[in-house]
Protein chains: 2
Amino acid sequence: MLKEKLKKHIEKVIQLTNDEYSFVSSHFSFENYKKNDFLIQKGENVKHFYYVVSGLLKLVYDDIDGKQHIVSFAMEDWWESDFLAYFTKTKATMSLQCIEDTHVFCLTLENYEKLISDLPKMESFFLKKSISGHIASQNRILSFLTSNAKERYEQLLKQYPLLFQRVPKTLLASYLGVSRETLSRLSS
Amino acid sequence: MLKEKLKKHIEKVIQLTNDEYSFVSSHFSFENYKKNDFLIQKGENVKHFYYVVSGLLKLVYDDIDGKQHIVSFAMEDWWESDFLAYFTKTKATMSLQCIEDTHVFCLTLENYEKLISDLPKMESFFLKKSISGHIASQNRILSFLTSNAKERYEQLLKQYPLLFQRVPKTLLASYLGVSRETLSRLSS
DNA sequence: TTACAATTGTGATGTTTGTCACGCGCAGAT
DNA sequence: ATCTGCGCGTGACAAACATCACAATTGTAA
């Protein structure tokens, strides 16, 4: 069952009784999205923080020239949103869009705040997740600082071997910060 | 007084009574470091998480070729460490070193855990700080994706105008991910 | 099936950036 | 005062990467 997946995910970090988990899960809604659907659209309010049960999302920034830049892929077990817009109640600067059909649990800011204040363990959970995310971002920054396109590509494939089959190369390129053509030439 | 600075900093995010703050500050030690001193050395254990009262630090990754890459500058009011090494009790992969004489408050992992479990408000504080840090890292990633060396340089100067006078251009270059020579040519 | 859009590879060429080399000015040490 | 190392600029050249153009293939919807 879908809710079991979230439970197991959370219990990798903190312990929850069944009652506590019922309380947790009552704060989430569930949603199905189809390929190419938007969960968050640039310029609009960000209503939710998402937990990806299955599928694949891209967090995208569109620059002035209309180019897409992938800030993050969000796959199974990932938590994703436009966090700045979500927490500050401002308009989204990024979009969150399905690469594949995707199942998510959705958490409004209101419910997020209720949840962490009524069940402090969940604040611990989110803190640990946030720290992990911060460390992951630092590693990505480091890969920009230390590595060229080919090395970054190899690191990505090593870290997420699945991604190679699941997403078009154009998207990998715009995650790595190189042109589609350059990425294509790296394989040879 | 120095402890007042930390108090004001924390109170921008959460409210604390005087007793609570005494409790908080009892978990920190205070330390002075001189220019070029190391707070964290690559390969060693990371004993502390630091709050910078005054001065300036660099969080540095040394690559295989001996090149330095600056993951972060840590200035007044910043929290810094090699977080992965700190939280997982592994050896540091990065170094934290003084660019200027620096005053810091130091928090051991033991005291961190005591602090957040005995005073849940502090867990809220660190969660909010961590989220901000995560958002900041994402913006840095975005600047690598969307901008060339000149644009990144201008963004950096806009964000931290002080930095230009306080640190050698070589360090700015290794923060921006360009060579010293390229950075030098950008000014013209 | 048929038609059309999306994906990918690849050549030619230009731009950006890195590397190596050198010189100058300045601050700190002796 | 002299020496020495560091910071900084700059020229010459090489490497990495972007851009534009075109073709082939595959997936997808009517």
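Just so it is clear: chains get the letters A, B, ... in the order the sequence lines come, proteins before strands, and each one is counted from 1.
- One donor-acceptor pair, N or O on each side, does fall under 3.5 Å between the base of C:dT19 and the side chain of B:R185.
- B:L186 has its CG atom 17 Å from the P atom of C:dT15, to the nearest Å.
- As a whole-Å value, the separation of B:K67 NZ from C:dT17 C1' is 12 Å.
- In this structure, A:K169 satisfies the cation-pi test against A:F164, with its NZ or CZ atom closer than 6.0 Å to the six-membered ring centre and inside 45 degrees of the ring normal.
- You'll find that the side chain of B:T182 is closest to C:dG18, out of C:dG18, C:dT8, D:dA18.
- Between A:W79 and A:F126, the gap from one ring centroid to the other is short of 6.0 Å.
- The base of D:dC20 lies close enough to the side chain of A:E181 for a donor and an acceptor atom to sit less than 3.5 Å apart.
- At a threshold of 4.0 angstrom between heavy atoms, the contacts of A:K35 with the nucleic acid are absent.
- One can place NZ of B:K150 at 10 Å from P of C:dT17, the figure rounded to the nearest angstrom.
- Atoms CG (A:L172) and P (C:dA6) sit 18 Å apart, rounded to a whole Å.
- When distances are taken from the side chain of A:V178 to each of D:dA18, D:dC8, D:dG9, the shortest belongs to D:dA18.
- Side-chain atoms of B:A149 lie closest to C:dT17 of the nucleotides C:dT17, D:dC8, C:dT8.
- Between C:dC20, D:dC8, C:dT7, one nucleotide has an atom nearer to the side chain of B:R180 than all others, and that is D:dC8.
- Atom NZ of A:K169 and atom P of D:dT25 are 17 Å apart (whole Å).
- The CG-P distance, from B:L176 to C:dT16, rounds to 17 Å in whole Å.
- Both tests do not hold together for B:R140 against A:F144: distance to the six-membered ring centre under 6.0 Å, angle to the ring axis within 45°.
- Donor-acceptor pairing under 3.5 Å is recorded for the side chains of A:S130 and B:S130.
- In this structure, B:Q68 places its CD atom 15 Å from C1' of D:dG7, rounding to the nearest Å.
- Contact check on A:D82 versus A:K42 returns no salt bridge, with no Lys/Arg side-chain nitrogen under 4.0 Å from an Asp/Glu carboxylate oxygen.
- Side chain of B:T170, nearest nucleotide from C:dT17, D:dC8, C:dT7: D:dC8.
- Straight-line distance from the CD1 atom of B:I99 to the C1' atom of D:dC6: 15 Å, rounded to whole Å.
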